[in-house]
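Data block below; observations after.
Worth knowing before you read on, the calculation uses all heavy atoms, side chains too, and leaves out hydrogens, waters and symmetry mates.
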Amino acid sequence: MNNQTERTLVLIKPDAVQRGLVGDIISRLESRGLNISGLKIIKIERTIAEQHYRVHKNRPFFPKLVDFITSSPVVAIVFQGRNAVEVTRNTMGQTNPSEATPGTIRGDFAIDIGRNLIHGSDSIKTAEEEILIFFTGNELLDYEMSTDPWITEP
Ligand code: IDP
Ligand code: MG
């Protein structure tokens with residue numbers, strides 16, 4: 001990874017998996033030029049969900065959020081690329097899908113804040129912490145794509 005390359009954690013949430021939107025969501029992020037460094041389908045344990053969402057533990061929606069994210073499998077992905085954190089957040093759209101811009105994942109496929117399809121890390125620091133919750137080092141690959149020079153100016 002060069003010094004402009006970042007990694008970010010994406011969770012394709014249970015609603016998106018159940019609605020058959022996994023391929024579409026991956027495709028949107030892949031098409032922007034992010035590369036998949038790690039990927040797996042998992043059922044999140046309650047203690048892991050509580051750790052992942054610990055910043056929200058005093059919010060009224062916390063119990064329902066943990067119930068939801070542990071209710072059915074999620075697809076966990078580490079995307080890698082230039083400005084991966086910001087690019088992923090912009091592609092996801094606003095937290096509340098009712099306010100999300102059309103053209104974003106949430107703006108095109110969702111209407112309810114409790115069913116907003118996708119998680120993406122909100123900073124480089126958060127990304128580093130969240131990736132460690134879901135992936136071990138040997139599950140993450142750092143590799144060149146022949147298209148890289150056509151995506152980012154070297
Ligand atoms: P983010 O997913 O866009 O980063 P956060 O503020 O980090 O949004 O909230 C984490 C998740 O908690 C959201 O994606 C959403 O599923 C849920 N959430 C946030 N705010 C509310 C709320 O006011 N009511 C219900 N669920 C919420
Ligand atoms: Mg967040």
Side-chain angles (χ1 to χ4, degrees), residues 1-45 48-49 51-56 65 68-70 72-154:
M1 290 205 295
N2 72 35
N3 60 5
Q4 288 179 303
T5 306
E6 297 170 7
R7 282 176 170 169
T8 192
L9 179 79
V10 164
L11 300 175
I12 301 180
K13 294 181 177 181
D15 49 345
V17 175
Q18 291 288 341
R19 290 174 57 194
L21 295 172
V22 172
D24 204 313
I25 290 171
I26 292 175
S27 184
R28 283 168 179 239
L29 293 163
E30 203 180 22
S31 301
R32 282 207 76 172
L34 298 176
N35 298 339
I36 295 170
S37 175
L39 184 151
K40 56 187 167 185
I41 187 159
I42 51 170
K43 186 113 184 305
I44 300 181
E45 307 244 346
I48 301 293
Q51 187 187 353
H52 172 69
Y53 280 127
R54 65 191 178 284
V55 64
H56 299 301
L65 176 60
F68 167 61
I69 203 76
T70 58
S72 181
V74 307
V75 176
I77 308 170
V78 173
F79 277 103
Q80 180 171 312
R82 189 167 299 174
N83 300 322
V85 172
E86 183 183 17
V87 165
T88 298
R89 293 286 296 188
N90 289 339
T91 307
M92 288 162 51
Q94 292 281 99
T95 302
N96 186 344
S98 299
E99 295 163 8
T101 309
T104 64
I105 291 165
R106 288 164 169 171
D108 284 350
F109 296 124
I111 50 173
D112 183 344
I113 196 167
R115 298 286 184 271
N116 64 3
L117 303 174
I118 179 169
H119 167 84
S121 309
D122 64 8
S123 70
I124 294 173
K125 181 175 173 291
T126 313
E128 286 168 359
E129 293 170 6
E130 291 179 350
I131 288 167
L132 284 174
I133 297 175
F134 292 97
F135 288 89
T136 60
N138 63 9
E139 290 176 320
L140 299 175
L141 303 184
D142 180 18
Y143 54 96
E144 304 291 317
M145 300 273 280
S146 61
T147 49
D148 286 348
W150 302 104
I151 304 282
T152 47
E153 188 174 15

Per the side-chain contact (heavy atoms from CB on, under 4.5 Å) rule, which among Ile105, Leu29, Leu9 passes with Thr88? Leu29
I need the Phe109 CZ to Ile25 CD1 distance, nearest 0.5 Å. 7.0 Å
Using the side-chain hydrogen bond (donor to acceptor under 3.5 Å, both in side chains) rule, take Thr5 and Arg82 through it: C-alpha gap first, then chi angles, then the decisive distance, then the call. CA-CA 5 Å; Thr5 306; Arg82 189 167 299 174; over 6 Å; no
Nearest-0.5 Å distance that lies between atom CE in Met145 and atom CG in Asn35: 4.5 Å
Exceeds 12 heavy-atom contacts within 6.0 angstrom, atom CD1 of Ile151: yes
List for me each residue that meets side chain to side chain donor-acceptor pair (under 3.5 Å) alongside Ser123, sequence neighbours excluded, and say none if there are none. Thr126
NZ/NE/NH1/NH2 to OD/OE distance under 4.0 Å, Glu129 and Arg54: yes
Which atoms form the tightest heavy-atom contact between Leu34 and Gly81, and what is the distance? CD2-CA, 4.0 Å
Value for CZ (Phe135) from CG (Leu140), rounded to nearest 0.5 Å, stands at 6.5 Å
I'd like to know whether Glu86 forms a side-chain contact (heavy atoms from CB on, under 4.5 Å) with Asp122, so could you lay out the CA-CA distance, the side-chain angles of the two residues, the decisive distance to 0.1 Å, and finally the verdict. CA-CA 8 Å; Glu86 183 183 17; Asp122 64 8; over 6 Å; no
Tell me if a side-chain donor or acceptor on Asn116 pairs with a main-chain N or O of Asn96 at a distance below 3.5 Å. no
State whether the side chain of Thr104 and the backbone N or O of Ala100 hold a donor-acceptor pair below 3.5 Å, judged by distance alone. no
Here the pair of heavy atoms bringing Ile111 nearest to Pro97 is N-CB, 3.6 Å
Just so I know, are the side chains of Ile42 and Ile44 near enough to count as touching, which here means a heavy-atom distance under 4.5 Å? yes
Under the side chain to side chain donor-acceptor pair (under 3.5 Å) test, which residues partner Gln18, sequence neighbours left out? Ser72
Any chance you could measure Lys43, atom NZ, to Ile69, atom CD1, to the nearest 0.5 Å? 11.5 Å
Side chain to side chain, Ile12 and Ile26, heavy atoms closer than 4.5 Å: yes
Value rounded to 0.5 Å, distance of CG in Asn83 from CD1 in Ile124: 8.0 Å
Within a strict 4.5 Å, meaning less than it, do heavy atoms of the Val87 and Phe79 side chains meet? no
Using only atom types and a distance under 3.5 Å, with no angle test, would you say the side chain of Ser37 pairs donor to acceptor with the backbone of Asp142? no
Within this structure, what is the NE2-CD distance for the pair His52 and Glu45, rounded to the nearest 0.5 Å? 15.0 Å
Taking the side chain as every heavy atom from C-beta outward, state whether His119 and Met92 have any atom pair closer than 4.5 Å. no
Less than 4.0 angstrom from a charged side-chain N to a carboxylate O is my criterion; do Glu139 and Lys40 meet it? yes
Got a donor-acceptor contact below 3.5 angstrom from the Asp108 side chain to the Pro102 backbone? no
Do the charged groups of Asp24 and Arg28 touch, with an N to O distance under 4.0 Å? yes
Are the side chains of Arg19 and Leu117 in contact, using a 4.5 Å heavy-atom criterion? yes
Carboxylate-amine/guanidinium proximity below 4.0 Å for Asp112 and Arg106: no
Is any side-chain heavy atom of Lys13 closer than 4.5 Å to a side-chain heavy atom of Ile118? no
Arg7 side chain vs Val78 backbone, donor-acceptor pair below 3.5 Å: no
